[in-house]
Amino acid sequence: MNLKIAVLPGDGIGPEVILQAKKALYAIGEVYNHEFVFEEALMGAVAIDKTGNPLPEQTLNLCLNTDAVLLGAIGDPKYDNNPNAKVRPEQGLLKLRKELGLFANIRPIKPYKALIESSPLKREIIEGADFTIFRELTGGAYFGTKTLNEEGTHASDLCEYSEEEITRIAHLAFQSAQKRRKKLTMVDKANVLETSRLWRKVVQKVSEEYSDVKLDFLFVDNAAMQLILNPKQFDVILTENLFGDILSDEASVITGSIGLLPSVSLGEKNALFEPIHGSYPQAKGKNIANPIASILAAALLLEHFGLTKEAHVIYKAVEKAIEYKVVTVDLKPDSKFGTNEVGEFVSNFIFSKDDLLYFNNDNVSIGQSTIV
């Protein structure tokens, strides 16, 4: 298979972690005879600094004319800490989602057995948790009309949704539930918000086409609590943009590190793959950022194009890295391995997966592996 992939390294640790994803894809290409052509472009704070635009037209045109987009991370404190900034890195991401028609963000949540103790939650609470969050991505308050009066003392963000916007992501969520444990939980605030009441009405209507899927509802405040108290109750969670943004980040604590979670954003024709973490500027250039989420985003990309066997090899490589404790300091505070070393381990495993005797704890710990 030949794929052209737009690579947007972005800001902070973005370039470092995205490099490890590219290493994994390169190894897959070599082993399985696929060709992945990478073309990099500017986006985020780095794009603002160089062009004044968080999403330059050249970048957008590239993304519109490739098979997939691989994103690192965006954001910079000089914009985050300046409430008067007129141009922000996040504006580029929002525009990219809108222009590519990426209406559904999908985030799988499943803790690794070897990292259960890394989670702040008790083993008995999170062991066996396995669910997916479907977040609507191009509607709601993030894209509604925004106002601020001349005095700067009154502001508003309009939250609005159409039946069509809700229906298209609801179908995706129900179809996913059919392939899993056949349960879908709709999260809203229907006791207060008119948009949430529309969500309930539309989702109930769509559910009539999926009689094999059990549908239930939770208010978002209760859902936030239940994610911590009993995450194992969930199979597929469906929610709107703002709620999904918050809940999916909250759910990351179940796995022990936000650096472990990838996501895919889908449209009718386009797809974007990325880690869910931010740009973590404090770690930039220090070789300490966890690249696993970016590497797993590459695996999601392979799955999207039907390369299931190849994706499984990446999943296996990540599992082995965790098993042999070839991880960054967020997962093992005394770890001697960094961003690049984790990426090298994964790519080496892909190349040498049939020689499992090489990948043993002794070789890794005493420095005989080529990753050191």
Side-chain angles (χ1 to χ4, degrees), residues 1-48 50-51 53-75 89-107 135 137-138 168-169 172 262-277 279 291 293-311 313-314 343 347 350:
M1 179 177 287
N2 297 328
L3 294 175
K4 183 179 179 182
I5 302 171
V7 179
L8 311 180
D11 308 317
I13 62 171
E16 298 168 61
V17 296
I18 214 69
L19 176 60
Q20 313 315 316
K22 289 172 65 179
K23 287 178 184 177
L25 288 172
Y26 173 78
I28 289 291
E30 289 293 302
V31 173
Y32 292 95
N33 197 30
H34 302 303
E35 183 179 4
F36 303 119
V37 178
F38 303 106
E39 187 168 343
E40 294 195 0
L42 297 173
M43 180 177 165
V46 65
I48 297 174
K50 292 185 177 181
T51 72
N53 186 345
L55 181 65
E57 284 301 313
Q58 184 178 356
T59 300
L60 178 58
N61 289 335
L62 171 65
C63 294
L64 288 168
N65 292 283
T66 51
D67 297 301
V69 180
L70 194 58
L71 174 65
I74 62 166
E90 293 77 13
Q91 292 170 343
L93 180 57
L94 294 177
K95 182 179 179 181
L96 183 64
R97 290 171 179 170
K98 200 73 171 180
E99 294 293 332
L100 296 183
L102 305 175
F103 63 86
N105 179 257
I106 305 167
R107 298 188 180 186
R135 167 192 170 193
L137 206 56
T138 55
R168 62 187 181 182
I169 190 172
L172 290 181
S263 76
V264 53
S265 299
L266 299 177
E268 298 292 345
K269 299 179 180 179
N270 301 297
L272 181 148
F273 304 85
E274 62 180 316
I276 76 166
H277 60 67
S279 61
S294 286
I295 293 169
L296 292 176
L300 291 179
L301 185 154
L302 295 174
E303 283 186 315
H304 177 72
F305 289 101
L307 303 179
T308 306
K309 178 174 64 175
E310 292 87 336
V313 173
I314 292 183
S347 61
I350 294 168

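Counting from 1, the numbers follow the sequence of the chain as shown.
With rounding to the nearest 0.5 Å, the separation of CG in L62 from NZ in K4 is 6.0 Å. Rounding to the nearest 0.5 angstrom, the gap separating the CG atom in L102 from the CG atom in N105 is 9.0 Å. Distance CG/L100 to CD/E268: 13.0 Å, rounded to 0.5 Å. Here OH of Y26 is found 13.0 Å from CG of L19. Values are rounded to the nearest 0.5 Å. Atom-to-atom distance recorded for E30:CD and L25:CG is 12.0 Å, nearest 0.5 angstrom. Atom CD in E40 sits 9.5 Å away from atom CG in L70 (nearest 0.5 Å).
The number of heavy atoms from other shown groups lying within 6.0 Å of CD (Q58) does not exceed 12. Annotation: F305, atom CZ; neighbour count of heavy atoms from other residues, nucleotides and ligands within 6.0 Å is above 12.
Closest non-hydrogen pair, G10 versus I74, comes out as CA-CG2, 4.4 Å. Taking every heavy atom of both residues into account, A47 and P56 meet most closely at CB-CD, 3.9 Å. The nearest pair of heavy atoms linking S347 to A27 is O-CB, 3.9 Å. Of all heavy-atom pairs spanning I314 and A24, the tightest one is CD1-CB, 4.2 Å. In plain terms, the two heavy atoms of H277 and V17 that are nearest each other are CE1-CG2, 4.2 Å. Nearest heavy-atom pair across L301 and A68 is CD1-CB, 4.0 Å.
Under the 4.5 Å side-chain criterion, counting only non-hydrogen atoms from C-beta, L307 is in contact with H34. Side-chain contact between L96 and K98 is absent, with no heavy-atom pair separated by less than 4.5 Å. V37 has its side chain out of reach of N2: every pair of non-hydrogen atoms, C-beta onward, lies at least 4.5 Å apart. Residues P262 and I295 are not in side-chain contact: their nearest non-hydrogen atoms beyond the backbone lie 4.5 Å or more apart. The closest side-chain heavy-atom distance from M1 to N33 is not below 4.5 Å. At least one side-chain heavy atom of L93 sits under 4.5 Å from a side-chain heavy atom of L71. The closest side-chain heavy-atom distance from H304 to L266 is below 4.5 Å. R97 places none of its side-chain heavy atoms less than 4.5 Å from the side chain of F103.
Take A104 and apply the side chain to side chain contact (heavy atoms under 4.5 Å, CB included) test, not counting sequence neighbours, and it matches I169, L172.
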* side chain to side chain contact (heavy atoms under 4.5 Å, CB included) between V7 and E39, worked out -> CA-CA 6 Å; V7 179; E39 187 168 343; over 6 Å; no
* To do: Check the pair R107, I276 against side chain to side chain contact (heavy atoms under 4.5 Å, CB included), reporting the backbone distance first and the verdict last.
  => CA-CA 8 Å; R107 298 188 180 186; I276 76 166; 3.7 Å; yes
* Walk me through it: do C63 and L8 pass the test side chain to side chain contact (heavy atoms under 4.5 Å, CB included)? => CA-CA 9 Å; C63 294; L8 311 180; 3.9 Å; yes
* **Stepwise side chain to side chain contact (heavy atoms under 4.5 Å, CB included) check, L302 with F36** => CA-CA 11 Å; L302 295 174; F36 303 119; 3.7 Å; yes
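Between the D67 side chain and the I5 main chain, no donor and acceptor come within less than 3.5 Å of each other. At distances below 3.5 Å, not a single donor-acceptor pair connects side-chain atoms of S279 with backbone N or O atoms of G12. Proximity of a side-chain donor or acceptor of T59 to a complementary backbone N or O of L55 within less than 3.5 Å is not detected. Judged by distance alone, with hydrogens and angles left aside, the side-chain atoms of D11 form no donor-acceptor pair with the main-chain N or O of G44 at under 3.5 Å.
For the pair K22 and F38, the distance from NZ or CZ to the six-membered ring centre is under 6.0 Å and the angle to the ring normal is within 45 degrees.
Ion pairing of E57 with K95 is present here, as a side-chain N (NZ or NE/NH1/NH2) and a carboxylate O approach within less than 4.0 Å.
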